[in-house]
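Chain letters run A, B, ... following the sequence lines, proteins first, then strands; residues in each count from 1. Just the heavy atoms: all of them, side chains too, but no hydrogens, waters or symmetry mates, feed the values below. Computed from a predicted structure; not experimentally measured.
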2 protein chains.
Amino acid sequence: MKTIKPTESELEILKILWERGDCTVRQVHEQFASDKDVGYTTILKFMQIMHTKGLVARDESNKTHVYRAAVSRDVAEQQLVNKFIKDLFDGSATRLVMQALGNHRASNSELAKIRQLLNDLENKK
Amino acid sequence: MKTIKPTESELEILKILWERGDCTVRQVHEQFASDKDVGYTTILKFMQIMHTKGLVARDESNKTHVYRAAVSRDVAEQQLVNKFIKDLFDGSATRLVMQALGNHRASNSELAKIRQLLNDLENKK
DNA sequence: TTGGATATACGAAACTCTTCGTATATTTAC
DNA sequence: GTAAATATACGAAGAGTTTCGTATATCCAA
């Protein structure tokens, strides 16, 4: 099972596909252009490259192709988090968690959610 | 305050400097070469580029320059984690934590450490 | 039916990253 | 003192990323 390694632009496009579901190039471009000033053919090119890389699949049965992410968001997040932990934290998920929680203030309800997960993890063991 | 954006190779060199302290190019290359087959001048070039980017500082008073990381490990980790959370998790540190803990098994003592941090965070608020 | 809007494909320029070779200076060792 | 070892600097090739322009096909509307 190969792990994905999207560029920053590719990740942005994947996020749009994950959030909105299947999209045409035009739809992705509209979303993209609400943030950044980037041409239509630039997005088209990105998505063509992503297609050759296997990051997206597309339905070509109509003139206007419809794209979808070829990886689920959950799997992609797993792979990217794993790599991030390996690269920066020598494989220690705990160090990442400490750093993340130390720098961002989480609401009490979020903290409760994490505490719940901690409990589940301990019980499962 | 500008945020750093090291490439993968640059990050590996920073990690060596953080772990071993100040180093010559030769020392970094030795460490690097224990993993990967890469030439001396390649590492030299990386470190020269990192110097122009401000990622490292160097003492040039001797012929053999001595390099040090220009940014502390803690600050670098903060910045990189923040960017990672922004790029992949829409700014939610909690989502990152859930994903990280869900995929990696942490020991009980590690879970206890995280629980302690959670308590501190709640009390501090 | 013809012209404008909309699609894809392709090519290429500008940048960055990775990788080394080579030129040159300095130190060391015989 | 000269040759080998060790440094830095520089240039450049090759790959990948970002960005569009242009060519070409297709659909729709007057």
Side-chain angles (χ1 to χ4, degrees), chain A residues 2-17 20 22-68 70 76 80 83-84 87-88, chain B residues 2-17 22-68 70 76 80 83 87-88:
Chain A
K2 63 188 177 334
T3 65
I4 64 171
K5 199 183 166 189
T7 68
E8 274 188 41
S9 304
E10 288 170 348
L11 183 56
E12 288 189 72
I13 289 172
L14 282 177
K15 282 176 65 181
I16 291 172
L17 293 174
R20 306 186 34 156
D22 297 3
C23 281
T24 64
V25 173
R26 176 148 307 277
Q27 290 172 313
V28 171
H29 177 247
E30 270 162 17
Q31 181 80 34
F32 220 101
S34 68
D35 264 336
K36 310 211 166 101
D37 186 25
V38 61
Y40 174 82
T41 55
T42 300
I43 301 300
L44 170 64
K45 183 67 158 186
F46 281 157
M47 294 176 76
Q48 284 170 339
I49 291 173
M50 291 170 79
H51 183 242
T52 70
K53 289 184 181 176
L55 284 173
V56 297
R58 70 185 182 188
D59 176 355
E60 307 178 2
S61 59
N62 295 305
K63 183 180 97 122
T64 302
H65 299 173
V66 177
Y67 288 78
R68 67 177 181 282
L80 294 174
K83 176 164 169 42
F84 189 70
D87 286 350
L88 190 57
Chain B
K2 62 186 179 331
T3 65
I4 64 171
K5 199 183 165 191
T7 68
E8 274 188 41
S9 304
E10 288 170 348
L11 183 56
E12 288 190 70
I13 288 172
L14 282 178
K15 282 176 67 180
I16 291 172
L17 292 175
D22 297 2
C23 281
T24 64
V25 173
R26 178 149 303 278
Q27 291 172 313
V28 171
H29 176 249
E30 270 162 17
Q31 181 81 34
F32 220 101
S34 68
D35 265 336
K36 310 207 166 104
D37 187 24
V38 62
Y40 173 83
T41 55
T42 301
I43 301 299
L44 170 64
K45 183 67 158 184
F46 281 157
M47 294 176 76
Q48 284 171 339
I49 291 173
M50 291 170 79
H51 183 240
T52 70
K53 288 183 181 175
L55 285 173
V56 297
R58 70 184 181 189
D59 175 355
E60 307 178 2
S61 59
N62 296 305
K63 183 183 98 120
T64 302
H65 299 172
V66 177
Y67 288 78
R68 67 177 182 283
L80 294 173
K83 176 165 169 43
D87 286 351
L88 191 57

Review point. What nucleotide, of D/dT8, C/dA9, C/dT19, holds the atom closest to the side chain of A/Leu44?
Key: C/dA9
Practice item. Measure the distance from NE2 on A/His29 to C1' on C/dA7 and round it to the nearest whole Å. Key: 14 Å
Practice item. Check whether the side chains of B/Asp59 and B/Ser61 place a donor and an acceptor atom closer than 3.5 Å, and report yes or no. Key: yes
**Study point:** Phosphate-side-chain proximity, B/Arg58 and D/dA9, N/O vs OP1/OP2 below 4.0 Å
**Key:** yes
Review point. Between C/dT6, D/dA9, C/dT19, which one does the side chain of B/Phe46 approach most closely?
Key: C/dT19
Review point. When you check the phosphate oxygens OP1 and OP2 of D/dT19, does a side-chain N or O of A/Tyr40 lie under 4.0 Å from one of them?
Key: no
Review point. Can you find a side chain N or O atom of A/Thr42 that sits less than 4.0 Å from OP1 or OP2 on D/dC20?
Key: yes
Practice item. Measure the distance from CD1 on A/Ile43 to P on C/dT8 and round it to the nearest whole Å. Key: 13 Å
Exercise for review: Taking only Lys NZ, Arg NE, NH1 and NH2, and the carboxylate oxygens of Asp or Glu, determine whether A/Glu8 and B/Lys5 approach each other closer than 4.0 Å.
Suggested key: yes
Exercise for review: Check if the side chain of A/Lys45 and the base of D/dG21 share a donor-acceptor pair of N or O atoms closer than 3.5 Å.
Suggested key: no
Revision key, fill the gap. Contacts of B/Thr41 and B/Ile49 projected onto DNA chain C by closest heavy atom; the upstream (5') one is B/Ile49
**Study point:** D/dT18 phosphate, OP1 or OP2, under 4.0 Å from A/Thr7 side-chain N/O
**Key:** yes
Check your understanding: Any side-chain N or O of B/Gln48 under 4.0 Å from OP1/OP2 of D/dA9?
Key -> yes
Check your understanding: Under 3.5 Å, is there an N or O donor on one side and an acceptor on the other linking the side chain of B/Lys63 and the base of D/dT6?
Key -> yes
Review point. Is the shortest side-chain N/O distance from B/Arg26 to OP1 or OP2 of D/dA7 below 4.0 Å?
Key: yes
